[in-house]
Amino acid sequence: MADRILKHLIIALCENDTDILSQVDLAVVVTRIRNFVKKLPGVLYLVFYINLFFLEFALPPVVWKIRPFTWLNLQQKLDYLGSWQSSRFGLKRTAFELIKRTCLMHLYSEKTLLKHMGFGSVLTNRAAHSTQPGERHVS
Amino acid sequence: MQAQFEKQILNGSTISQDIKVSSDVVIIGSGAGGAVLAKELAEGGMKVILIEEGGYHPTSSHTDLPFDALSRLYRDRGFSASIGKPFIPLPMGRALGGTTVINSGTCFRTPAHVMQNWSQNLGLHDYNEAEFLPLFERVEKEINVTDVDFAVMSRANSIFHEILAKKGTPGKVLRRNIRGCEGCGFCCYGCPSGAKQSMDVSYLPKAFRSGAQAYTRCKVEKFKVQGNRVQGVLGKFLNSDDQPTGYLLEVSAPKVIVSAGTVFSPRVLWQNYVSRKNPKLKKNLGKNLTLHPANKVYAKFEEEVRGWEGTPQAYYLEEDPQNEGITFEGIFMPPDIVALTVPFIGQKLNQFMRDYKYMATFGFLINDSGTGNVKQLPFIGSTVFYSFNKQDVEKMKKGVAYLSRIFLEGGASVVYSLIHGHAEIRSEQDILKLENADVRPEDAECMAFHPLGTCRMAATEDKGVVGPDFKVFGWEGLYVCDGSVIPSSLGVNPQVTIMSFATKLAFDLIKESRPSP
Ligand SMILES: Cc1cc2nc3c(=O)[nH]c(=O)nc-3n(C[C@H](O)[C@H](O)[C@H](O)COP(=O)(O)OP(=O)(O)OC[C@H]3O[C@@H](n4cnc5c(N)ncnc54)[C@H](O)[C@@H]3O)c2cc1C
Ligand code: SF4
């Protein structure tokens with residue numbers, strides 16, 4: 001279930017831009033997110049999943065909606081996420097940011113995507129200085 | 001191949017027995033405070049044991065992925081934050097070398113006016129420019145503090161310089177602790193070429209060559225205590241998942257120095273109930289926290305800026321042009337990390353990322369007024385609480401407005417800010433709107449990198465936790481020396497101040513250990 005929500009979330013965050021999404025394997029990104037979150041300290045781990053389920057089921061008092069997030073169409077999803085992002089309540093925005101940041105960090109650490117978006121020189125520049133270019137410590 | 005000095009580093013996760021050792025001094029934490037102490041004390045002839053919760057990550061192990069660095073070198077995978085209005089991400093290092101392994105390498109001496117304040121308000125009369133000059137010089141020599149070369153400066157910084165120079169008010173290049181930096185822009189993720197003179201490549205190898213020994217992946221929780229005298233520490237070895245292996249380290253030493261950083265030194269003291277023996281400590285322990293909240297703007301230009309090529313923090317404004325306690329410094333985040341901070345979703349986010357090669361950024365930190373504290377919560381541990389006051393929010397607005405004006409005057413088509421409700425600034429009108437807006441503390445999104453002050457130094461125990469001799473009031477053999485003892489916000493990056501404090505303590509202890517003729 002969490003994997004499904006995360007996948008829908010990433011697609012919505014990028015507004016289903018196929019130019020971006022075609023560069024990554026979403027299942028791999030989601031697995032990385034799950035592994036990353038697993039190793040967060042207990043409280044953050046809990047907060048992450050509580051937020052994720054609040055986001056999916058739109059539970060009061062945070063927000064109220066009859067249909068879960070993953071059932072919405074793209075425009076509805078964007079409007080819904082926009083309401084979290086621009087909420088007057090700082091806490092709600094922070095809750096959303098925690099999930100959004102985790103997703104985007106993993107999406108944009110995909111090298112194929114970075115290259116595709118014109119950041120290839122970031123990678124070659126680093127590789128020139130690094131003794132261990134490209135080695136990934138997957139948790 | 002293992003360097004000779006690396007034999008002195010024992011990896012706690014591979015130790016499969018309890019260990020009992022003794023030394024003259026045991027130091028908890030190996031960052032800017034602990035590493036300097038270890039080297040100076042070991043060179044001064046003392047037997048030193050250093051205990052570090054994080055692992056040892058030699059230069060050759062730094063990879064080219066920020067995400068990977070967050071997992072290995074940062075506490076809580078880079079997701080530490082303070083609770084309050086607003087929530088402030090507060091990244092900290094956890095590795096041999098502490099936060100210096102992931103810092104930007106910017107170096108400032110303690111401003112003279114700040115030291116004057118300490119003297120007037122806290123009675124720290126020996127903490128003045130003249131006394132500290134030789135300490136600053138020693139530290140700067142050890143870590144090779146040098147002006148950044150314009151040739152390796154990120155274009156994001158040099159654009160800013162060009163605009164200011166045209167106006168006739170140029171800033172200055174920053175000074176950094178580097179040796180042969182080629183400007184790969186990866187400083188905050190572990191310098192892959194060893195150019196940045198963080199503690200793991202500067203002070204610590206020297207400490208080890210002089211006989212100091214380090215236990216990494218070992219977390220200290222308990223002191224060995226007799227009466228009000230601390231006589232050593234007990235640490236738990238951790239496995240690669242940060243869980244205790246079940247084996248313990250016991251170090252007997254007449255002097256224990258806590259250098260676990262501003263957020264964790266109070267925890268070590270609390271865990272040992274130091275304020276039961278001296279209840280007066282309660283008044284200041286964990287209090288007086290300052291963070292230097294930092295913010296930035298992104299500015300889109302027509303030229304390809306490619307700000308990731310070159311040193312990201314290389315230029316600054318010496319004096320806040322509006323004299324408001326704001327220090328402006330260059331900054332640039334690599335594209336694989338910047339998405340975290342983009343205030344948009346959907347096509348706007350995608351467009352921002354596509355445009356990122358055309359963007360310059362510049363940041364600032366504010367000299368805050370010390371409204372935060374660190375508390376020890378059940379099941380959670382050390383937790384940072386911090387909220388802006390009205391003045392700090394005003395400084396945030398001023399900083400963003402100032403940078404937006406500079407960039408728009410310099411030809412940027414749009415400036416992006418992180419202040420909620422003011423994400424896009426395209427004109428003077430937008431800037432005025434921000435300046436006149438009633439921004440709430442929770443709307444001033446920012447980050448912080450310089451926690452200070454939770455075990456503040458002062459001449460008397462009603463104002464601080466440690467005295468000018470770094471000793472915890474009411475205790476024998478127990479010292480604190482790291483960011484937590486710095487008495488107030490500095491307004492500039494703190495590592496040189498922390499290292500100079502540590503040098504002072506080391507020299508004092510060496511002097512004390514030698515019988516007077
Ligand atoms: C991203 C970033 C960029 C920065 N850039 C700059 C800059 O350019 N210039 C500058 O001057 N400053 C900069 N700083 C701040 C600077 O690096 C820190 O202020 C400084 O390193 C703090 O030194 P410290 O000794 O207090 O703590 P730290 O360097 O954080 O060291 C404390 C160590 O103690 C260990 N520890 C904690 N608890 C225990 C325990 N119970 N047992 C064993 N070990 C323990 C920790 O794992 C850690 O390694 C930056 C900080 C960050 C996060
Ligand atoms: S710019 Fe690169 S080489 Fe220079 S100090 Fe930073 S990480 Fe090291």
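Per chain, numbering begins at 1; letters A, B, ... match sequence-line order.
A:Arg88 is not listed as a side-chain neighbour of B:His420, based on a closest heavy-atom distance of 4.5 Å or more.
Between atom CG of residue B:Leu340 and atom CG of residue A:Leu104 there is a gap of 7.0 Å, rounded to the nearest 0.5 Å. A distance of 14.0 Å separates CG in A:Leu13 from CZ in B:Phe344, rounded to the nearest 0.5 Å. For the atom pair A:Ser87 OG and B:Glu442 CD, the distance stands at 10.0 Å (nearest 0.5 Å).
Ion pairing between a basic and an acidic side chain is recognised when a charged N comes within 4.0 Å of a carboxylate O; A:Asp19 and B:Arg354 show such pairing. Here A:Lys39 pairs with B:Asp241 in a salt bridge; the nearest charged N to carboxylate O distance falls below 4.0 Å. Residues A:Lys111 and B:Asp336 are not paired through a salt bridge, judged by the lack of any N-O separation under 4.0 Å between the basic side chain and the carboxylate.
The aromatic ring centroids of B:Phe79 and A:Phe36 lie less than 6.0 Å from each other.
In this structure, A:Phe89 places its CZ atom where only 12 or fewer heavy-atom neighbours from other residues, nucleotides or ligands lie under 6.0 Å away. Counting heavy-atom neighbours within 6.0 Å of B:Lys85 NZ, excluding the residue itself, gives a total of 12 or less. Other residues, nucleotides and ligands contribute over 12 non-hydrogen atoms within 6.0 Å of the CZ atom of B:Arg179. Sparse packing is recorded around NZ of B:Lys236, with 12 or fewer heavy atoms of other residues, nucleotides or ligands lying under 6.0 Å away.
When heavy atoms are compared at a cutoff of 4.5 Å, B:Val338 does not approach chain A at all. Interface remark: A:Arg93 contributes side-chain atoms only to the contact with chain B (heavy atom separation under 4.5 Å). Both the backbone and the side chain of A:Ser86 come within contact range of chain B, judged by heavy atoms closer than 4.5 Å. In this structure, no portion of A:Leu113 lies under 4.5 Å from any heavy atom of chain B. Interface residue B:Glu445: only side-chain heavy atoms are found under 4.5 Å from chain A. When heavy atoms are compared at a cutoff of 4.5 Å, B:Asp242 does not approach chain A at all. Neither the backbone nor the side chain of A:Phe48 has a heavy atom closer than 4.5 Å to any heavy atom of chain B.
Side-chain atoms of A:Gln85 come within 3.5 Å of backbone atoms of B:Pro343 as a donor-acceptor pair (strictly under, hydrogens ignored). B:Arg306 places no side-chain N or O within donor-acceptor distance of the main-chain N or O of A:Phe119, the cut-off being under 3.5 Å. Looking only at distances, no side-chain donor or acceptor of B:Arg77 sits under 3.5 Å from a matching main-chain atom of A:Leu40.
With respect to chain B, the highest number of heavy-atom pairs below 4.5 Å among A:Leu98, A:Thr94, A:Leu107, A:Val43 belongs to A:Thr94. With chain B as partner, the option from A:Lys77, A:Met105, A:Glu97 having the largest number of non-hydrogen pairs under 4.5 angstrom is A:Met105. The candidate with the highest count of non-hydrogen atom pairs below 4.5 Å against chain B, out of A:Lys100, A:Met117, A:Glu15, A:His106, is A:Glu15. Counting heavy-atom pairs closer than 4.5 Å to chain A, the top residue among B:Ser240, B:Gly346, B:Pro441 is B:Gly346. Your options are A:Ile20, A:Leu44, A:Leu78, and the one with the most heavy-atom pairs under 4.5 Å with chain B is A:Ile20.
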(request) Please report the C-alpha distance between A:Trp84 and B:Ile345 in whole Å, then the side-chain angles of each, then the deciding distance to 0.1 Å, and finally whether the side chain to side chain contact (heavy atoms under 4.5 Å, CB included) criterion is met. (result) CA-CA 11 Å; A:Trp84 281 72; B:Ile345 57 172; over 6 Å; no
(request) Kindly determine whether A:Leu91 and B:Phe87 satisfy side chain to side chain contact (heavy atoms under 4.5 Å, CB included), including the steps that lead there. (result) CA-CA 8 Å; A:Leu91 206 61; B:Phe87 266 80; 3.4 Å; yes
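Heavy atoms only, all atoms of each residue included: B:Ala339 and A:Tyr108 are closest at CB-CD1, 3.7 Å. Closest approach of B:Asn350 and A:Cys14 over heavy atoms only: ND2-O, 2.9 Å.
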